[in-house]
2 protein chains.
Amino acid sequence: MERVISIPKPTLERLPLYYRRLLQWREEKVSIVSSADIGKNLGIDSAQVRRDLTYFGAVGRPGIGYKVEELISYLGELLGINNVNEAIIVGVGNLGRAICSYPGFAPYGLSIVAFFDIDPQIVGTKIRGHEVFHVNDLIHIVKRLKIQIGIITVPAREAQKVADQMVAGGIRAIWNFAPTRLHVPEEVIIRSEDLAVGLATLSHYLVREDLSERAEGLDRGISGS
Amino acid sequence: MERVISIPKPTLERLPLYYRRLLQWREEKVSIVSSADIGKNLGIDSAQVRRDLTYFGAVGRPGIGYKVEELISYLGELLGINNVNEAIIVGVGNLGRAICSYPGFAPYGLSIVAFFDIDPQIVGTKIRGHEVFHVNDLIHIVKRLKIQIGIITVPAREAQKVADQMVAGGIRAIWNFAPTRLHVPEEVIIRSEDLAVGLATLSHYLVREDLSERAEGLDRGISGS
DNA sequence: TAGTATTCGTGATAATTTTCACAAATGCTA
DNA sequence: TAGCATTTGTGAAAATTATCACGAATACTA
């Protein structure tokens, strides 16, 4: 139905796993890897790896494998990492702070350029050298800095209001950590991280552990090895 | 190949969404909902909702719908929520603290009963009324309290070591927030939350936004509405 | 150069998940 | 009770994703 070939969602989710492992290999001066190497390392079928890589436009050489440097470059392009992403974050509680300092982002070029909160105790203080602004200034600042990504780490009941303001400021992608569903115009992209999903599936499997059956799945999912 | 009918993974991921919304309905004194109601609210096809609910063992009445209270009870059972889950958390940085205070868990009966860290500055201090222990005491305490769930919020390079200790202490399920792949015995369940996956997919879609094609997906995924 | 061992790329197949569509069940109204 | 409007539960079809399996490309060795 679609003429544009889109990357399957599961493939997209594996992409960061590939990327992170490749960075490690580069660090270790490994210059070429095979789909089997990648697969064994990440617990993914090697045919799956090859299929994924072709989506990314990567080209390997039979009998040899893929050039690490080249793959990194391809994936980086696909992830929009090669150009820095500027973001703002609203809600500077523990979760907000945690996200700011999450080391996993380092390779992804995400740069948080402004912090917002509503708590007068927090507004005006500094975090990692940046002043925390009041949410009321959000629209203005976002417009001025032409920010594209907004991160929401406020309580669920505030989240929609914050999202509305982000949209009003022209933000095009929202990363939502509040456990609630947000309504935004169609052109705005939303990704919700729902920690309860993780907890729920874990505890479900725990409940079921007496049954021998267990799902496979990997980093995003449950695994038994 | 499996005789045991297992719940599809995507269904499992939707389960907490159902659960949370149902709690809201109960709060609002709504006693009966139809699959269409649920679907419209969560952006899931109503047939999908019905299919999912049958996996959960729920039974609705044609022409009427499902009893909210009954569904909550079924889902709660499936999630192991009805009996409290005790967990420990290792790594009391921002992320660890954020998880402890994440409001989304409230309905899930997760109870964090001990905190661990390696930083002497933190060990011995109190968090939410609980003393923070040194990681060296982990095995002992976990064994003694018979804890089943361990949460890892330490830097990636420490994560494997922590996982090993958890396993040694008899923990059966690990929720890993460190951006690395853990190796554990087959009987231990692992779920890794990789925040970079979220960031990566978000920024990917941002890069692609000029293409009209866009994935659908909902709370766990990207959506344009 | 010929032979062997790798490894990619991909058509075909299998497995999984979603959606369609409709019979059957239920309540409501008159 | 009969007729109508809902809504479930589920076979069957469609769509999506994962795996198999093999020809072709490449490097290496003798």
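Order of the sequence lines sets the chain letters (A, B, ...), proteins ahead of strands, with each chain counted from 1.
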_So, OP1 or OP2 of D/dG9: does either fall under 4.0 Å of a side-chain N or O from B/Y66?_
yes
*Would you say a side-chain N or O of A/S35 is under 4.0 Å from OP1 or OP2 of C/dC8?*
yes
*Given C/dG27, D/dA18, D/dA21, the nucleotide with the shortest approach to the side chain of A/R50*: D/dA21
_Strictly distance-based, threshold 3.5 Å: is any side-chain N or O of A/H204 a donor or acceptor partner for the main-chain N or O of B/L78?_
yes
*Which nucleotide in the set C/dT10, D/dG9, D/dA18 lies at the smallest distance from any side-chain heavy atom of A/A47?*
C/dT10
*For A/R14 and D/dT19, give me the distance from atom CZ to atom P, rounded to whole Å.*
8 Å
*Distance, rounded to the nearest Å, where A/K9 contributes NZ and D/dT17 contributes C1'*: 12 Å
*Take atom CD in B/E27; do more than 12 heavy atoms of anything else shown fall under 6.0 Å from it?*
no
*Separation of atom CG in A/D52 from atom P in C/dC8, rounded to whole Å*: 13 Å
*Nucleotide nearest A/D45 when distance is taken to its side chain, options D/dG9, C/dC8, D/dT19*: D/dT19
*Which of the following nucleotides, C/dT18, D/dT17, D/dT26, is nearest to the side chain of A/P62?*
D/dT26
*Provide, to the nearest angstrom, the distance between the CG atom belonging to A/D37 and the C1' atom belonging to C/dT6.*
11 Å
*asked:* Could you tell me if B/R191 and A/T201 have a donor-acceptor pair between their side chains, going purely by distance under 3.5 Å?
replied: yes
*To the nearest angstrom, how far is B/L53 atom CG from D/dT7 atom C1'?*
13 Å
_Rounded to whole Å, please give me the gap between CD in A/Q48 and P in C/dT10._
15 Å
*Let me know the distance between CG of A/L71 and C1' of C/dT7, rounded to the nearest Å.*
14 Å
*Between B/Y102 and A/F177, is the gap from one ring center to the other below 6.0 Å?*
no
*Closer to the 5' end of DNA chain D via nearest nucleotide, is it A/T11 or A/G63?*
A/T11
*Nucleotide of C/dT18, C/dG27, D/dT8 approaching B/P10 most closely (side-chain heavy atoms)*: C/dT18
_Just the rounded figure in Å: distance from C1' of D/dA27 to CD1 of A/I32._
11 Å
*Closest nucleotide of DNA chain C for A/G65 versus for A/R51: which of these residues is on the 5' side?*
A/G65
*Counting only N and O atoms by type, is there a donor-acceptor contact under 3.5 Å from the side chain of A/R97 to the main-chain atoms of A/V92?*
yes
